[in-house]
Amino acid sequence: MHSDTDTDAEGGGDAPDSDVETADAGTPGLGRRIMLVLGATIVAISGGVGLLVGGNGAESASEAAVLGTSVTIPLTPGAVALYGIVVSTLVLAVLFGLVELASRAEADAGDPDAQR
């Protein structure tokens, strides 16, 4: 009387090999979806923090300079939240764009038939 675990323990089963093959294949587009969800989460958190900072900061000052420049924004919850959303979106767009370029460069380097 042999069970499935006896077959796998003796090396006769093919389950471990099939796990390796599916792990290598991956799910197409999963990384992009994860990055988009992560980016949307970060932008939403930036907006929430902006609401908190704007609500508390308005008590001490009416305007704040942006990165020490002459450009100022009003310290209202909506304005600071919008500022946080815009800045985090721009930073993430640049970072994700650089990741995309690096990914394409790596794919082209591994493909000898890629056009340069």
Side-chain angles (χ1 to χ4, degrees):
M1 185 159 106
H2 287 288
S3 68
D4 290 336
T5 56
D6 290 338
T7 305
D8 289 342
E10 294 170 1
D14 61 342
D17 292 337
S18 63
D19 289 343
V20 171
E21 291 173 8
T22 56
D24 289 341
T27 304
L30 179 63
R32 184 177 302 262
R33 286 191 300 258
I34 290 171
M35 295 294 279
L36 288 174
V37 168
L38 180 64
T41 302
I42 291 170
V43 168
I45 290 171
S46 297
V49 170
L51 285 172
L52 290 173
V53 170
N56 293 328
E59 296 173 4
S60 62
S62 63
E63 291 184 336
V66 176
L67 299 174
T69 63
S70 62
V71 177
T72 61
I73 60 168
L75 284 180
T76 62
V80 178
L82 182 63
Y83 175 75
I85 288 170
V86 169
V87 169
S88 62
T89 301
L90 289 174
V91 168
L92 288 173
V94 169
L95 290 176
F96 289 173
L98 291 173
V99 168
E100 180 72 23
L101 286 175
S103 176
R104 287 184 185 186
E106 182 181 2
D108 290 346
D111 185 11
D113 295 330
Q115 296 179 1
R116 296 180 190 245

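When reading the values below, keep in mind they use all heavy atoms of this one structure, side chains included, and skip hydrogens, waters and symmetry mates.
Of all the heavy atoms in Thr72 and Glu63, the pair that sits closest is OG1-OE1, 3.6 Å. The two residues Val80 and Gly54 make their nearest non-hydrogen contact at CG2-CA, 3.8 Å. Closest heavy-atom contact between Ala79 and Pro74: CB-O, 3.4 Å.
Residue Val71 is grouped with residue Val91 when hydrophobic side chains (ILVMFWY) are merged at heavy-atom distances under 4.5 angstrom, including chains of intermediate members. Both Val53 and Leu67 are members of a single hydrophobic cluster when ILVMFWY side chains are connected at heavy-atom separations under 4.5 Å. One hydrophobic cluster, built from ILVMFWY side chains closer than 4.5 Å, cannot hold both Leu52 and Ile45; they sit in different ones.
The line from CZ of Phe96 to OG1 of Thr89 is 10.0 Å long, rounded to the nearest 0.5 Å. To the nearest 0.5 angstrom, Leu51 atom CG is 11.0 Å from Ser46 atom OG. We find the CZ-CG distance between Arg33 and Leu38 to be 14.5 Å, quoted to the nearest 0.5 Å. Taking CD1 of Ile42 as the reference point, atom CD1 of Ile85 lies at 13.5 Å (rounded to 0.5 Å).
Connectivity analysis of hydrophobic side chains (ILVMFWY, heavy atoms under 4.5 Å, direct or indirect) links Leu82 to Val86, Leu90.
In this structure a side-chain-to-backbone donor-acceptor pair under 3.5 Å is missing from Ser103 to Val99.
Among residues at least two apart or in separate chains, there is no salt bridge (charged side-chain N to carboxylate O under 4.0 Å, His left out) pair with a member in residues 80-95. Among pairs with a residue in residues 34-57, none fulfils salt bridge (charged side-chain N to carboxylate O under 4.0 Å, His left out), at least two apart in sequence or across chains.
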